[in-house]
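Sequence positions, counted from 1, serve as the residue numbers for this chain.
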Amino acid sequence: PVIESAMNPKAKSRMGAKGLWQFMFPTAKHCGLKSNNYIDERLDPIKSTKAALSYLEEMYGIFQNWELAIAAYNCGPGNVNKAIRRSGGGKKDYWEIYNYLPKETRGYVPAFIAAAYVMNYHNEHGISSALAKKPILTDTVWVKQRLNFKQISDVIDLEVEALETLNPQYRKNIIPGSYNKPYVLILPSKQVYSYLMSENTISLHDAEEYALRKTAEP
């Protein structure tokens, strides 16, 4: 995700890839990530990370080489297989098929190696860590009703921006929860108890304004 999105869970490419791991829609669907009018799980840092690790394992299962697996993550296994055929076939080394890969992928694996080096040897180059923008201590709650971020924000005194930062998967700041299908909401740990104690108040707060409209009105 360092080279895919610079660790931005809301990153979007000109080709339509989204999230920390820059999933394209077909690959995301293949990996079980859902996308609809209200939610895009490509933007969910936890679910997208699990999906990405599963997909990388799948690529490694095909190529039995991590550099080729990482290349396939970038350009797709079809393009890697095409590069293997064009290089004479049977080769399992990234550098042997390097010239036959798409231009972007030729820079992708070196970028990964560079990022891995910096992450492991930053101290030797005077690079220090920075404070996280979002709260470090968080917890999750199940939301079993349809809620707008503004309702939560007003009642438990938590900025909408903070909710958006912690829950980037919700497209319209709406959690489409129900008792049959609850959704996860990430909150700063210190405000989880406040949320749990105020669930009824939150659901009733400006309920008419944020209710799901089933008919079109001017």
Side-chain angles (χ1 to χ4, degrees), residues 1 4-54 131-218:
E4 283 287 358
S5 65
M7 299 296 285
N8 177 10
K10 291 187 175 182
K12 181 179 179 181
S13 77
R14 54 187 173 80
M15 299 299 292
K18 290 184 179 182
L20 281 176
W21 295 88
Q22 289 294 280
F23 272 108
M24 294 293 287
F25 182 78
T27 309
K29 187 176 181 180
H30 168 77
C31 293
L33 295 175
K34 298 176 183 177
S35 180
N36 55 43
N37 288 337
Y38 293 105
I39 190 167
D40 190 339
E41 291 182 341
R42 291 179 292 175
L43 304 180
D44 185 317
I46 296 172
K47 288 187 177 181
S48 66
T49 296
K50 289 179 179 178
L53 297 181
S54 176
L131 290 174
K133 290 182 180 179
K134 69 178 183 180
I136 293 181
L137 295 176
T138 61
D139 206 342
T140 58
V141 295
W142 286 106
V143 178
K144 299 178 181 179
Q145 54 201 316
R146 179 188 171 92
L147 291 178
N148 189 290
F149 280 4
K150 191 68 170 64
Q151 291 174 282
I152 301 168
S153 172
D154 288 348
V155 174
I156 68 171
D157 193 25
L158 177 64
E159 292 182 1
V160 169
E161 184 180 355
L163 288 167
E164 291 173 342
T165 299
L166 293 171
N167 302 275
Q169 68 271 28
Y170 295 113
R171 284 180 157 177
K172 301 177 180 180
N173 288 1
I174 294 172
I175 307 167
S178 68
Y179 279 96
N180 293 328
K181 186 163 185 171
Y183 282 86
V184 167
L185 176 69
I186 298 176
L187 294 169
S189 293
K190 62 183 180 181
Q191 278 158 307
V192 166
Y193 182 74
S194 177
Y195 174 88
L196 293 173
M197 294 298 293
S198 308
E199 277 187 292
N200 289 335
T201 305
I202 292 169
S203 64
L204 294 173
H205 177 69
D206 290 339
E208 291 186 9
E209 181 178 348
Y210 297 113
L212 179 63
R213 291 175 173 81
K214 297 182 179 180
T215 58
E217 297 178 4

Colleague: Using a 4.5 Å cut-off on heavy atoms from C-beta on, say whether the side chain of S194 contacts that of D157.
Modeller: no

Colleague: Give a yes or no on this: more than 12 heavy atoms of other residues, nucleotides or ligands lie within 6.0 Å of atom CG of L204.
Modeller: yes

Colleague: Is there side-chain contact between E164 and K10, with heavy atoms separated by less than 4.5 Å?
Modeller: yes

Colleague: As an exercise, state the distance from CG of L158 to CD1 of I152, rounded to the nearest 0.5 Å.
Modeller: 8.5 Å

Colleague: Among residues two or more places apart or on two chains, list those pairs meeting side chain to side chain donor-acceptor pair (under 3.5 Å) that have a residue in residues 15-37.
Modeller: W21-T49, H30-E58, S35-R171

Colleague: Are the side chains of L43 and P9 in contact, using a 4.5 Å heavy-atom criterion?
Modeller: no

Colleague: Within a strict 4.5 Å, meaning less than it, do heavy atoms of the V184 and D44 side chains meet?
Modeller: no

Colleague: Side chains of I175 and F149: closer than 4.5 Å at any heavy-atom pair?
Modeller: yes

Colleague: About how many Å separate CG of L33 and CD of Q169, when rounded to the nearest 0.5 Å?
Modeller: 11.0 Å

Colleague: Within the 4.5 Å heavy-atom criterion, are L196 and V141 side-chain neighbours or not?
Modeller: yes

Colleague: List the residues meeting side-chain hydrogen bond (donor to acceptor under 3.5 Å, both in side chains) with D154, not counting sequence neighbours, and say none if there are none.
Modeller: K150, H205

Colleague: Would you say D40 and F23 make side-chain contact, with heavy atoms under 4.5 Å?
Modeller: no

Colleague: Could you tell me if the side chain of R42 sits less than 4.5 Å from the side chain of S48, heavy atoms only?
Modeller: no

Colleague: How long is the span from the CD1 atom in I46 to the CG atom in L20, to the nearest 0.5 Å?
Modeller: 10.5 Å

Colleague: Find the distance between OH (Y183) and NZ (K144) and round it off to the nearest 0.5 Å.
Modeller: 14.5 Å

Colleague: Side chains of Q151 and D206: is there a donor and an acceptor less than 3.5 Å apart?
Modeller: no

Colleague: Could you grab the distance from atom OG of S153 to atom CD of E161, nearest 0.5 Å is fine?
Modeller: 11.0 Å

Colleague: Here's a test for you: under side-chain contact (heavy atoms from CB on, under 4.5 Å), which of T140, D139, L137, I186 qualifies with V192?
Modeller: D139

Colleague: Kindly compute the distance separating CG (L187) from CG (L166), expressed to the nearest 0.5 Å.
Modeller: 7.5 Å

